[in-house]
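Notes follow the structure.
Being a predicted model, the structure only gives us computed values, none of them experimental. Letters go in sequence order (proteins before strands), and every chain restarts at 1.
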Amino acid sequence: MSSPTLLRFALIGAILAGVALVFAWVGGFLTPARLSGGAVADVMQAANGKVYPGFRRAHAKGLCVAGHFEANGAATGISRATLFPKGSVPVIGRFSTGGGDPMSADGRPVFHALGLRFALPHGEEWRMAIDHTPIFIVSNPADFIALQRASVPDPKTGKPDPAKMQAFVASHPETAAFLTYMKTAPLPSSFANGSYYSINAFRFVDVQGQSQAVRWQFEPETPFAALDPATLDKQPRDFLFDDLLTRIGKGPLRWHMIVVVANPGDRTDNATIRWTGPHRQIDAGTLVLDHATTEERGDCRDFNYDPMILPKGVEASDDPLLPLRSAAYSASFRRRAIEGPRPDAITNAQMKGGAK
Amino acid sequence: MTPLRFALPARILHWLMAVLILAMLLIGAGMVSTTSSRYPELLAWHRPIGIAILLLALVRLTVRLTRRPPPLPADLPAIQVAAAKGSHYLLYALMIGMPLIGWAMQSAGGYPVTLPRPDPAGWRLRKHGGLDVTPIVGGYPRTTKRNTAANRAYEPDRTGELTMQFHGPGRPKLS
């Protein structure tokens, strides 16, 4: 080959190598420490002990609900979101327990959560994934991964290594505080009588474009009753979900959306820290849930309750858990969409009940 | 008469789309690699650029069919002619197919996607009750019954901006 031809080939090779290098850099191959949504889904699968195909990688066991939100207009002053003007919008949702096993007993794990999807005017949506604890167990993506790794079951015993967990908790006081909260705070005896918290801080933007930090919680009209931890193991496998089906069968369940406006100095970037002391609170309206059915028959399973799907007038805060949740939920959603849905524990139980 | 060079609209579209497609590949690779605040930022770019590529690809296809390109060099070996033509077809198939796959993914998840105004194209689409590609792309394997309450909320926008109805085929109404 003549030298000008060689030079041309070299130039073509250099351009291709340059493009490959840019791709490797952008795609994170040069920075192995970078955390992808897929890596989060991987570690959750490992912590679950196995993959449950077709199910969410967390909060796998759930029940569909539907109803509406009756806004009273009180929050229109702090956010221009179309959820807040006086009126009603349709809502679908999904109650779930924590953990990745769709066949697990409701007694353990006892973490309650609610996914909500508000179908707003003009095609907008507001999705929430809210939990029954006001705080989260870790404050950032790296800690979340480390915690999940510490809870991966040992292949020999089938259980997480307690020493690893102790080491993590010892170096993370905020995780210790969360575990103490879980142990000491009374657990609601039903999905219906618990409060559900936004976990992360968000920002509300008003019509003038003024923005302020908020959190919110849904407080039940159903009077609180505590679950007796001593009886947990004796309860039927689906007792929480069965209870919800029975209650909604008797009449609508209601929660008030209480918006909590941040005081100066409140942290918005750390979901492990509660906002303490008096805060301005706004009762924005009532969530009314009047239908409940299994995931198989309901309309909630094939949605991803990504807390960053927000309408105009609501924005994410600087909490690093928000993009983590968004990316991880998306990875989990892609996986289960490819695997295809399957009937969960409650669907199976209901079908068996129907055949009797 | 055989043209000596590509028509001006074809050249403009070529370079504009080259930039967009390369950017899209990099945005996509970066998006799935991170859980940082870059993730929502990149996602926010990924969707509108994808739709822009789809629309531009359709314009480009029209230009390609109506304005004849210059012929390939007469002395080109047959195998290179086949490669040139084959890659040409593949390029058009991917420019149209890839955004539709992305759209189908949005549709399957029921994600709301809105186009910002000003959007003259939206006025026409709105009159026809919104644009719903679900029948075209087939959607995802979800049940085909309708959730009337949820779908009512997807009424096309009459006051503000175009809302593309990226929702899936819907699910049965809760009983």
Side-chain angles (χ1 to χ4, degrees), chain A residues 19 22-24 26-29 31 34-40 64-68 89-92 117-125 127 141 144 291-293 297-304 306 308-309 311-312 316 318 320 322-328 330-331 333-334 337 340-341, chain B residues 22-23 25-44 104-105 108-116 130 139-143 145-175:
Chain A
V19 170
V22 170
F23 264 99
V26 169
F29 299 102
T31 43
R34 196 192 292 176
L35 188 62
S36 72
V40 178
C64 291
V65 287
H68 61 276
V89 300
V91 175
I92 61 155
R117 173 175 174 260
F118 298 83
L120 303 179
H122 318 316
E124 279 198 305
E125 282 194 28
R127 296 193 192 177
F144 184 80
H291 289 86
T293 190
R297 296 183 60 209
D299 189 31
C300 73
R301 184 192 59 204
D302 299 348
F303 291 107
N304 162 10
D306 177 342
M308 290 193 75
I309 297 181
K312 286 187 203 72
D318 53 355
L322 279 171
L324 170 78
R325 293 174 80 185
S326 191
S330 185
F333 182 81
R334 283 195 300 274
Chain B
L22 194 62
L25 291 170
L26 294 171
I27 288 168
M31 191 174 79
V32 297
S33 80
T34 182
T35 47
S36 73
S37 60
R38 294 267 164 81
Y39 173 80
E41 283 170 23
L42 291 170
L43 186 61
M105 282 170 70
Y111 294 107
V113 178
T114 50
L115 292 185
Y140 251 52
R142 303 187 352 167
T143 61
K145 291 179 231 163
R146 289 264 159 186
N147 174 347
T148 48
N151 281 341
R152 223 177 300 133
Y154 289 104
E155 288 286 307
D157 186 357
R158 291 192 185 81
T159 55
E161 49 213 73
L162 163 69
T163 301
M164 284 196 160
Q165 296 186 324
F166 280 73
H167 62 84
R171 304 292 321 286
K173 189 170 162 44
L174 293 172
S175 52

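Under the rule for a side-chain hydrogen bond (donor to acceptor under 3.5 Å, both in side chains), B/Thr35 has no partner lying at least two apart in sequence or in another chain. Here A/Ser326 pairs with A/Asp306 under the side-chain hydrogen bond (donor to acceptor under 3.5 Å, both in side chains) rule; sequence neighbours left out.
Residue A/Val26 comes nearest to B/Leu26 through the heavy atom pair CG1-O, 3.0 Å, listed as atom of the first residue, atom of the second, then distance. Closest heavy-atom contact between A/Arg127 and B/Pro112: NH2-CD, 4.0 Å. Pairing each heavy atom of A/Phe23 with each of B/Ala29, the nearest pair is CD2-CB, 4.3 Å. Nearest heavy atom pair, residue B/Tyr39 against residue A/Pro323, reads CD2-O, 4.2 Å.
Interface remark: A/Arg334 contributes side-chain atoms only to the contact with chain B (heavy atom separation under 4.5 Å). Proximity to chain B (any heavy atom under 4.5 Å) is shown, for A/Val91, by neither the backbone nor the side chain. Using a 4.5 Å cut-off between heavy atoms, B/Ser36 contacts chain A through its backbone alone, with no side-chain atom that close. If you measure heavy-atom distances from A/Ile309 to chain B, the contacts under 4.5 Å come from the side chain alone. With a 4.5 angstrom heavy-atom cutoff, B/Leu25 touches chain A via backbone and side-chain atoms both.
In summary, the side chains of B/Ser33 and A/Arg34 do present a donor paired with an acceptor at a separation below 3.5 Å, with no hydrogens or angles considered.
Distance check: B/Met31 CE to A/Ser330 OG gives 7.5 Å after rounding to the nearest 0.5 Å.
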